[in-house]
Amino acid sequence: MRTINEIIVHCTATPEGRPMTVEQIDHIHRHENHWTNGIGYHKVIYLDGSVHNGRPLEMVGAHCNGGHNAHSIGICYVGGCAKDGRTPKDTRTPKQKEALAQLLTELHRQFPEATLHGHREFAKKACPSFNAHEYDYIFKEQPQK
Ligand SMILES: [Zn+2]
């Protein structure tokens with residue numbers, strides 16, 4: 001496993017309530033972004049709170065600029081825009097919030113050295129349309145072995 005020192009949270013920047021699948025993201029990242037390894041995120045959280053695997057954790061992702069990909073994990077929830085498809089909005093469903101907390105707890109256990117970030121800390125973007133540091137409490141806990 002590569003060294004992981006950051007966990008970076010993203011949104012798909014799609015309209016509130018519209019489902020999106022790993023396959024769709026993979027298609028966009030292959031055919032629009034021309035990324036031969038496909039989906040750039042490692043984990044995707046659907047509207048119903050289910051967590052789906054994107055790029056394997058062992059592989060460097062494609063989700064952040066500034067050299068952050070090499071040692072990070074990119075997780076992404078579906079949503080992040082208002083119904084107009086443009087205005088940033090925290091559209092997380094209660095199930096997505098719960099799933100995010102659970103996923104971050106697992107990742108913190110697996111990679112206790114890693115810190116938590118929202119994409120917007122590293123880019124001039126609104127992504128992930130909420131303050132990822134609301135989950136900092138998870139990272140302050142000593143991981144349960
Ligand atoms: Zn992002």
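These figures come from a predicted structure and were not determined experimentally. When a ligand or atom number is given, it counts from 1 through the structure's own listing order.
- Tally of protein N, O or S atoms closer to the Zn ion (ligand 1) than 2.8 Å: 3.
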So Tyr46 and Thr21, side chain to side chain contact (heavy atoms under 4.5 Å, CB included) or not? Walk me through it.
-> CA-CA 7 Å; Tyr46 288 7; Thr21 64; 3.4 Å; yes
Tyr41/Ile73 under side chain to side chain contact (heavy atoms under 4.5 Å, CB included): CA gap, chis, key distance, verdict | CA-CA 8 Å; Tyr41 306 118; Ile73 291 169; over 6 Å; no
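- A distance of 6.0 Å or more separates the ring centres of Tyr77 and His10.
- Using a 4.5 Å cut-off between side-chain heavy atoms of Ile, Leu, Val, Met, Phe, Trp and Tyr, with links allowed through other members, Val78 and Ile28 fall into the same hydrophobic cluster.
- A tilted orientation is assigned to the rings of His117 and Phe122, their planes being inclined by 30° to 60°.
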Intermediate values then yes/no, salt bridge (charged side-chain N to carboxylate O under 4.0 Å, His left out), Glu58 and Arg2 = CA-CA 6 Å; Glu58 298 76 32; Arg2 61 201 170 94; over 6 Å; no
